[in-house]
Amino acid sequence: MVSLSNELKQVGGLWSSVSELEERLSALADEKEKCDALKVQLKFWKWVLKAKNKDGILNHSVAGKPKWFNDLLESLKEVIQQQNNSFQGSLPDTSGVSGVTDVGRRVKHMWLDENTDEEDWWCGSVLSVKENEVVIEYDEVYAEDEDDSEEYEDERVTFPLEELQQAYLSTELLFL
């Protein structure tokens, strides 16, 4: 079974603009492949990004009947436009951020376990944004103490802003 994040990578990652959507679709061979890619995008928006499913926009079917290509396409375009309107001005910018405009923002960050190559999603909150650095405090991160006892603790990590922008663009960092 392929994970949703792997399916998303197979279709080129999260399509974050209508122009990117159109470009990615034009590279696909046939309508079935395009429909499958659109469904992956809609599933990611629904289950990972927790986009609002107003009027069933994120569903693959209506009244038990599968949506056709044009319906899936229009649904994804609408979701992307809604997302761009709601996140406008809040995405990381490599030119630098002044102040602490995203403090308190909840995030979900994908980490790869180097020992098992398994993906793990950590949730946390932005504590500060200064110059070109962002501090995120993750909720209950698993840790082992020196005496090999296991416990969960909060962990603060400082990231270069550019690194977080790349994580966002590759769908490894999500704003909640």
Side-chain angles (χ1 to χ4, degrees), residues 1-25 27-28 30-92 102 104-114 116-126 134 136-142 152 154-155 157 159 163-176:
M1 181 174 160
V2 178
S3 73
L4 184 54
S5 58
N6 285 338
E7 287 182 69
L8 192 69
K9 287 177 186 175
Q10 290 173 356
V11 297
L14 182 66
W15 303 342
S16 58
S17 69
V18 173
S19 61
E20 182 178 12
L21 158 69
E22 291 168 349
E23 178 184 327
R24 298 286 184 171
L25 284 178
L28 298 176
D30 58 33
E31 193 167 300
K32 182 187 180 327
E33 196 175 354
K34 291 176 182 183
C35 284
D36 290 344
L38 289 167
K39 289 176 183 178
V40 168
Q41 293 288 324
L42 290 168
K43 278 195 297 190
F44 196 84
W45 281 102
K46 184 176 185 177
W47 299 111
V48 178
L49 297 177
K50 305 291 186 195
K52 293 180 181 175
N53 194 15
K54 184 178 179 187
D55 299 324
I57 191 169
L58 298 169
N59 296 348
H60 299 167
S61 61
V62 176
K65 295 183 180 180
K67 285 184 179 178
W68 294 98
F69 170 77
N70 286 333
D71 296 327
L72 293 168
L73 178 62
E74 290 307 311
S75 292
L76 187 56
K77 283 182 177 181
E78 187 174 331
V79 170
I80 289 171
Q81 289 167 343
Q82 288 173 0
Q83 182 268 350
N84 287 341
N85 291 338
S86 68
F87 284 146
Q88 192 170 22
S90 66
L91 301 179
D102 289 321
R105 187 82 185 250
R106 296 289 296 162
V107 298
K108 197 173 192 180
H109 201 164
M110 193 272 291
W111 295 86
L112 187 63
D113 185 319
E114 295 173 2
T116 64
D117 283 338
E118 290 184 21
E119 296 175 356
D120 190 20
W121 287 91
W122 293 5
C123 290
S125 299
V126 175
V134 178
I136 297 176
E137 181 173 59
Y138 294 97
D139 309 332
E140 298 185 355
V141 175
Y142 174 78
Y152 287 90
D154 290 343
E155 181 174 332
V157 181
F159 295 96
E163 183 179 321
L164 284 184
Q165 181 182 30
Q166 291 304 314
Y168 175 78
L169 293 174
S170 67
T171 68
E172 294 172 0
L173 176 73
L174 309 173
F175 292 108
L176 305 178

W111 atom CH2, neighbour heavy-atom count above 12 within 6.0 Å = yes
Verdict with reasoning, I80 to W45, per side chain to side chain contact (heavy atoms under 4.5 Å, CB included) | CA-CA 9 Å; I80 289 171; W45 281 102; 4.2 Å; yes
Given side chains that start at C-beta, do those of E22 and K77 come closer than 4.5 Å, heavy atoms only?
-> yes
K65 and V62: CA distance, side-chain angles, deciding distance, side chain to side chain contact (heavy atoms under 4.5 Å, CB included) verdict = CA-CA 5 Å; K65 295 183 180 180; V62 176; 5.9 Å; no
Over 12 non-hydrogen atoms of neighbours within 6.0 angstrom of CH2 in W47 = no
Check whether any side-chain heavy atom of D120 lies under 4.5 Å from a side-chain heavy atom of M110, and answer yes or no.
-> no
Any idea which heavy atoms bring L38 and L73 closest together, and the distance?
-> CD1-N, 3.8 Å
Can you name the closest pair of heavy atoms from E7 and V40 and give their distance?
-> OE1-CG2, 3.4 Å
Taking every non-hydrogen atom, the tightest pair across W15 and R24 = NE1-CG, 3.3 Å
How about L76 and L72: do any of their side-chain heavy atoms sit closer than 4.5 Å?
-> no
Determine the minimum heavy-atom distance between K67 and G56, stating which atoms define it.
-> NZ-O, 3.4 Å
State, yes or no, whether a side-chain contact exists between L42 and L58 at a heavy-atom distance under 4.5 Å.
-> yes
